[in-house]
Amino acid sequence: MIVEPGPLLAAIDSPADLKKLAPEQLVQLSTELRDFIIDSVSIYGGHFGASLGVVELTVALHYVFNTPHDQLIWDVGHQAYGHKILTGRREKFPTNRRYKGMSGFPKRSESEYDAFGVGHSSTSIGAALGMAVASDYKGEFDRQHIAVIGDGAMTAGMSFEALNQAGVLNNNMIVVLNDNCMSIDPNVGALKEYLTDITTSRTYNKVRDELWNVLGKLSKFGPNPQQIARKVEAAMKATLLKQSNLFEALKFRYFGPVDGHDVQHLVTILNDLKSIPGPKLLHCVTVKGKGYALAEKDQTLWHAPGLFDKITGEIYKKTPDKPQPPKYQDVFGHTLVELAEANDKIMGVTPAMPSGSSLNIMMAAMPTRAFDVGIAEQHAVTFSAGLATQGLIPFCNIYSSFMQRGYDQVVHDVALQNLHVVFCLDRAGFAGADGPTHHGCYDLAYMRCIPNIVVSAPMNEQELRNLMYTATLPENAGPHSIRYPRGEGVMPEWRTPLQRVAIGTGRVVREGEEGGVAILSIGHIGNYAVKATETLAAESIDAGHYDMRFCKPLDEEMLRDVARRYRAIVTVEDGCLPGGFGSAVLEFLTDHGFHLPVVRLGIPDRVVEHGTQDELYKECGFDAAGIAQAVRELGTKVAAGARATVLR
Ligand SMILES: Cc1ncc(C[n+]2csc(CCOP(=O)(O)OP(=O)(O)O)c2C)c(N)n1
Ligand SMILES: CC(=O)[C@@H](O)[C@H](O)COP(=O)(O)O
Ligand SMILES: [Mg+2]
């Protein structure tokens, strides 16, 4: 089904076309762009509320600035659908987030208008500053550099690292703070409270408007009057707000708050800002989901609702006619509450993903024991370490790819001190439509190389529950990493009794023919290995299958038994091959004098784009068919006497 754009939008294939419109036409264009986004996302899926919230801002930015010469960086990039539609990708939109289609985030290789690749939050100010410094260094003084960052993304430390440097470098750049009081869940922290103070301070806003007129007139008479205005403005803000403006204190010229949905006013303001030198911050107040009532009302649900009926607002269920196994995240959330009810040392921590990780279940049930620390993965880890020094057992839930941002804290603050912190890495392995920024490719590799840490991956919901429980036991005190994938498990009935698992033990899924091939899997991909062995059995190939469950420590006894019983091994992981689970098995076999052929299946050493998880498993050769084929080929090779380790 093709989404038809309105007449003004249909004529826009680039911002050059947009600039042909009269300012008074921009309101109509914004309406058409908003309608196009609603229609498209309802049919094709993707992120929703954020793009609706910046429709007017997107139109105004591309109307005022000379993109792509002027460089526009979108923080996170989940709000950049309007940007993509206005920069020549309207007709590609049906492929958004689809296999081999358009990325769901700005991507440099996709368009010259995508100044910086994003997906993880809070990078825009730093990147824009780098571009601004480079432009000055190259003598390109006519270029503007604009970072559009949400209030949620502003809570991350690296946003302030960038502000800190920008404030003293004094390069020309504009930070547009898109303040809608929302992250995916409601935004949190003192910064959010501060922004609310500014936005609601009547006195400040009245004086600010008067100052604005003064500034606007003065800015046409060169820099000196502006410096006077700056002192006047800062002094009045300082007295009126009884505190200096946070951003002014960091040497940014602060402007706002302004209505982020008044496209013509935004055009006026942005045109003014163009001529004011140095680092500037424009504080825009917007509504996430603006223009679609249900999305304005339930902004978390409509952050990324899935496919829906735009008329009724009904969000379609994947399999309405049969009970769907629960999402792994919900098994985590409910099990954590179950454990916490029995053990008052257990705490919960999430960096801004309460609903995404289902920690919101514990936050609702035990609000004094579960914390959303904002988009602050580094802090989430160190905060957890602090809790653990006092004898508590924090479950720190961080998406595998977002965990990458807190890696030194895992080593320095948790592992070196051997603290009892349980990392639950959700979205481990291929994340799917979010693509390479969000694929949790590396956690098996990056965790197993750290001393003291136990690295595990459940094959199903029951195993997840047991590993969570096992990690809390006093005899297992120390760092743990438990990783599991995005999406549903395989057990409609999962509220199984919690069982202790011996650390470093795997389990036999299927004992195969002696002298044949054994499959060693870790985590949920083991369910694909089960399908592969069933296919092979129908061909009278009796392959063995072992769910290793732990990447560190490995089940060495099981590995010895497998190496003695079989003539070849296939390892499979939904994780990177370099340094991953297969590498760990190879290391063991070599270190202990076992020399049998091994084929490692997993994520290759290259960037794998977006698609469904099954599409990506297939692309990388570790879906059920790929696993079965690897066993067939290896079986044939060993029958022919191949001795060398066979890599894929
Ligand atoms: C490092 C990192 N942590 C978490 C996320 C998940 N995430 C995506 S959007 C978002 C909320 C962003 O809030 P804000 O910047 O205010 O943008 P809004 O959705 O309100 O437009 C979060 C937490 C991420 N993309 N990157
Ligand atoms: C843009 C962003 O980073 C989040 O919205 C992320 O896409 C959430 O992923 P899940 O949908 O897997 O929770
Ligand atoms: Mg926000």
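The figures that follow rest on heavy atoms only: side chains count, while hydrogens, waters and symmetry mates do not.
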Between [X] and [Y], does the ring centre distance come in under 6.0 Å?
X	Y	value
His283	Tyr254	yes
Tyr81	Phe93	yes
His524	Tyr484	no

Check whether [X] reaches the backbone of [Y] with its side chain - one donor and one acceptor, N or O, closer than 3.5 Å.
X	Y	answer
Asn66	His69	no
Asp75	Ile149	no
Thr95	Met102	yes
Lys92	Lys84	no
Asp17	Ile12	no
Glu609	Tyr99	no
Arg90	Pro5	no

Neighbour count above 12 (heavy atom, 6.0 Å) for [X] [atom1]:
X	atom1	value
Glu91	CD	no
Lys274	NZ	yes
Lys297	NZ	no
Tyr442	OH	no
Glu193	CD	yes

Tell me whether Asp179 is salt-bridged to Lys192, with the criterion being a basic N under 4.0 Å from an acidic carboxylate O.
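Looking at Lys192 together with Asp179, the answer is no, because their closest N to O distance does not fall below 4.0 Å.
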Are Lys290 and Glu56 close enough for a salt bridge, meaning some N to O gap below 4.0 Å?
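Looking at Glu56 together with Lys290, the answer is no, because their closest N to O distance does not fall below 4.0 Å.
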Angle between ring planes, His439 versus Phe430, binned at 30° and 60°: parallel, tilted or perpendicular?
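Ring orientation of His439 relative to Phe430: perpendicular.
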Going by the side chain to side chain donor-acceptor pair (under 3.5 Å) test, name the single residue among Arg486, Arg427, Glu488 that passes it with Gln329.
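Of the listed options, the one satisfying the test is Arg427.
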Identify the heavy atoms of Pro325 and Glu461 that sit nearest to each other, and give their distance.
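Residues Pro325 and Glu461, closest heavy atoms: CB-OE2, 3.9 Å.
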